[in-house]
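Below you'll find the structure, written out as structure tokens, and then a few comments.
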Amino acid sequence: MSPTTEINKIPLSYATCSLGPPSIPLETKLSTLHSASFTGIELAFPDLLAYANTHNPGTAQILPTDYPALIRSASQIRTLCESHNLRIMMLQPFANFEGWPRGSPEREDAFARAKGWSEIMAALGTDLLQIGSTDTPAEKLSLGENKENVVEDLRELADILASKGQRIAYENWCWSTHAPNWKDVWEIVRDVGRENVGLCLDTFQTAGGEWGDPTAPEGVISGGEDGVRKRYEDSLEELVRTVPAEKIFLLQVSDAYKPLTPFEDEVVDGARPRARWSHDFRPMPYHGGYLPIEEVGRAVLRTGFRGWFSMEIFDGGKSGEEEIGDVEGFAREAMGSMRRFLERCADGI
């Protein structure tokens with residue numbers, strides 16, 4: 001099979017949280033993504049919760065832990081997606097799961113939530129759960145030597161999910177307490193040693209963590225651009241050498257705006273600078289961003305990975321405060337952007 005044919009067969013997905021807030025009906029988002037020729041979605045939990053409350057026959061609000069109600073809604077969403085020929089590729093984002101002290105209420109809650117989400121996944125017909133590397137402050141956690149408690153938590157959950165044929169896609173969030181880089185999560189996934197645990201790689205999380213810096217005037221981490229570029233390229237070469245294609249479960253795609261004014265290097269409302277950056281300043285490729293994201297896509301393709309490329313963007317404009325106006329036009333632009341990104345990445349392999 002020629003490289004071009006291979007690339008054209010890569011499935012393309014879109015995160016529902018990236019097409020506006022949960023106040024936009026999920027039905028609108030799904031029909032729009034189908035019209036834009038996406039074949040899969042990452043279903044964001046807030047969109048599931050909003051759908052459940054919109055279609056709630058009762059008077060009481062459905063809460064995030066009301067799993068029987070959410071499971072009923074998940075079955076309806078599955079049918080809705082099937083009617084639009086959309087596969088629910090993944091349920092996301094599961095946060096602050098790993099590293100809590102043994103026997104703590106937080107750890108018990110994390111596993112209770114995970115088991116509830118697993119039941120929702122079964123109703124949705126998806127086998128993949130995204131877990132982001134925790135950003136809980138280190139003083140509240142018990143990471144253990146060489147992060148063995150994190151490994152044990154993921155291993156325990158992996159074994160629970162395996163009985164249902166479900167998998168974990170573990171993602172480095174570049175503001176994470178213990179695993180901000182791709183190498184950090186890869187070493188954890190490797191040590192977990194379960195077939196149903198792999199990586200959710202992300203162009204923003206990698207380029208934004210190893211090259212970009214929203215607190216710097218130039219938007220690039222200190223050390224001189226040549227030195228930063230060399231370390232970044234060396235890191236991606238290491239990814240190609242060390243990560244097997246079968247341990248990559250998906251690649252999420254987005255860029256970032258350089259902040260108009262550098263962010264303050266401090267925690268604001270519980271969020272670190274890169275977390276705030278991620279929340280509102282992530283456009284689709286070729287729409288005003290500045291990170292070297294094609295290098296990430298190219299490296300992932302060079303591993304031999306040919307699975308899901310999924311767009312996850314949070315575009316509040318360069319001010320971080322804009323909203324999506326024309327949802328249908330935005331989705332069409334996103335598909336064009338994704339195809340251009342994929343073609344440009346494929347040119348370099």
Side-chain angles (χ1 to χ4, degrees), residues 1-4 6-7 9-10 130 132-133 146-147 150-151 169-176 178-193 197-214 216 218-256 258 274 277-278 282 285-286 289-312 337-338 340-349:
M1 185 180 297
S2 71
T4 301
E6 279 190 350
I7 297 305
K9 288 183 175 294
I10 287 176
Q130 180 201 51
S133 54
N146 296 322
K147 305 174 186 173
V150 170
V151 170
Y170 193 43
E171 181 181 11
N172 60 298
W173 285 348
C174 62
W175 60 93
S176 169
H178 71 98
N181 299 327
W182 73 262
K183 187 174 181 179
D184 299 317
V185 288
W186 163 239
E187 289 176 346
I188 291 168
V189 165
R190 180 198 63 200
D191 292 347
V192 167
V197 181
L199 297 175
C200 171
L201 295 177
D202 185 303
T203 59
F204 169 82
Q205 305 298 351
T206 297
E210 298 187 39
W211 191 86
D213 181 357
E218 300 302 321
V220 180
I221 61 177
S222 61
E225 185 161 345
D226 289 344
V228 172
R229 172 73 65 171
K230 178 66 164 57
R231 288 195 299 272
Y232 181 60
E233 291 174 350
D234 288 348
S235 172
L236 293 176
E237 284 297 323
E238 184 177 5
L239 187 155
V240 175
R241 292 195 309 270
T242 59
V243 179
E246 64 270 16
K247 297 304 286 185
I248 302 173
F249 289 171
L250 74 151
L251 174 68
Q252 292 178 322
V253 177
S254 65
D255 203 338
K258 185 171 75 172
R274 283 188 171 90
W277 196 30
S278 172
R282 289 169 56 178
Y286 318 114
Y290 77 109
L291 296 178
I293 60 171
E294 288 180 0
E295 288 85 337
V296 182
R298 199 167 294 123
V300 168
L301 289 174
R302 286 176 59 204
T303 68
F305 175 77
R306 297 294 184 270
W308 288 98
F309 272 50
S310 187
M311 188 162 284
E312 187 197 43
S337 171
M338 181 70 99
R340 181 181 174 190
F341 175 76
L342 195 52
E343 290 169 1
R344 288 178 65 92
C345 291
D347 282 343
I349 62 173

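Scope of the values below: all heavy atoms of this structure, side chains included, with no hydrogens, waters or symmetry mates.
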Worksheet item: Given Ile221 and Trp211, is the side-chain contact (heavy atoms from CB on, under 4.5 Å) satisfied, shown in steps?
Response: CA-CA 6 Å; Ile221 61 177; Trp211 191 86; 5.9 Å; no
Discussion item. ring-ring contact (aromatic ring centres under 6.0 Å, His included), that's the test. Do Phe249 and Trp308 meet it? Break it down for me.
Written reply: CA-CA 7 Å; Phe249 289 171; Trp308 288 98; over 10 Å; no
Item to complete: Any chance you could lay out the side-chain contact (heavy atoms from CB on, under 4.5 Å) test for Ile293 and Phe204, step after step, and finish with the verdict?
Response: CA-CA 7 Å; Ile293 60 171; Phe204 169 82; over 6 Å; no
Practice prompt. Give the intermediate values and the outcome of side-chain contact (heavy atoms from CB on, under 4.5 Å) for residues Phe341 and Phe309.
Written response: CA-CA 10 Å; Phe341 175 76; Phe309 272 50; 3.9 Å; yes
Practice prompt. In sequence, state the C-alpha distance, the side-chain angles, and the governing distance for Val243 and Leu199, and then conclude on side-chain contact (heavy atoms from CB on, under 4.5 Å).
Written response: CA-CA 9 Å; Val243 179; Leu199 297 175; 3.8 Å; yes
Fill in: salt bridge (Lys or Arg N to Asp or Glu O under 4.0 Å) between Glu295 and Arg229, worked out
CA-CA 11 Å; Glu295 288 85 337; Arg229 172 73 65 171; 3.0 Å; yes
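A donor-acceptor distance shorter than 3.5 angstrom exists from the side chain of Asp184 to the backbone of Asn181, with no hydrogens or angles considered. Side-chain N or O atoms of Tyr232 include one that pairs as donor or acceptor with a backbone N or O of Pro292 at under 3.5 Å. Panel note: side chain Thr203, backbone Val296; no donor-acceptor pair is recorded below 3.5 Å. Side chain of Lys147 to backbone of His178: a donor-acceptor contact under 3.5 angstrom is found. Proximity of a side-chain donor or acceptor of Thr303 to a complementary backbone N or O of Val300 within less than 3.5 Å is detected. Put simply, the side chain of Thr242 gets close to the backbone of Glu238: a donor and an acceptor are under 3.5 Å apart. In this structure, Arg306 contributes its side chain and Leu301 its backbone to a donor-acceptor pair below 3.5 Å. Side-chain atoms of Asn172 do not come within 3.5 Å of backbone N or O of Cys174 as any donor-acceptor pair. Counting only distance, with no hydrogens or angles, the side chain of Arg274 and the backbone of Gly208 share a donor-acceptor pair below 3.5 Å. Using a distance-only test at 3.5 Å, with no hydrogens or angles considered, no donor-acceptor pair links the side chain of Gln252 to the main chain of Glu312.
In this structure, a donor-acceptor pair under 3.5 Å is present between the side chains of Ser235 and Trp182. In summary, the side chains of Ser278 and Arg282 do present a donor paired with an acceptor at a separation below 3.5 Å, with no hydrogens or angles considered.
Under the 4.5 Å side-chain criterion, counting only non-hydrogen atoms from C-beta, Leu201 is in contact with Leu239. Under the 4.5 Å side-chain criterion, counting only non-hydrogen atoms from C-beta, Asp202 is not in contact with Leu251. You'll find the side chain of Pro180 stays beyond 4.5 Å of the side chain of Glu210, heavy atoms only. For the pair Leu236 and Thr206, the minimum side-chain heavy-atom distance is below 4.5 Å.
Here the CZ-SG distance, from Arg340 to Cys345, works out to 11.5 Å after rounding to the nearest 0.5 Å. The structure places CE of Met338 at 6.0 Å from OG of Ser310, a figure rounded to the nearest 0.5 Å.
Centroid-to-centroid, the aromatic rings of Tyr170 and Trp186 stay 6.0 Å apart or farther.
A salt bridge links Glu237 with Arg302: the closest approach of a Lys/Arg side-chain nitrogen to an acidic carboxylate oxygen falls below 4.0 angstrom. Between Lys230 and Asp234, at least one side-chain nitrogen of the basic residue sits less than 4.0 Å from a carboxylate oxygen of the acidic one, meeting the salt-bridge criterion.
The local environment of NZ in Lys247 is crowded, with over 12 non-hydrogen atoms from other residues, nucleotides or ligands closer than 6.0 Å. Heavy atoms of other residues, nucleotides or ligands lying less than 6.0 angstrom from CD of Glu218 number 12 at most.
For the residue pair Ser337 and Pro285, the shortest heavy atom distance occurs at OG-O, 2.8 Å. Pairing each heavy atom of Ala346 with each of Ile7, the nearest pair is CB-CG1, 3.5 Å. Of all heavy-atom pairs between Tyr290 and Asp255, the closest is N-OD1, 3.4 Å. Looking at every heavy atom in both residues, Leu291 comes nearest to Ala207 through CB-CB, 4.0 Å. Of all heavy-atom pairs between Gly198 and Val189, the closest is O-CG2, 3.8 Å.
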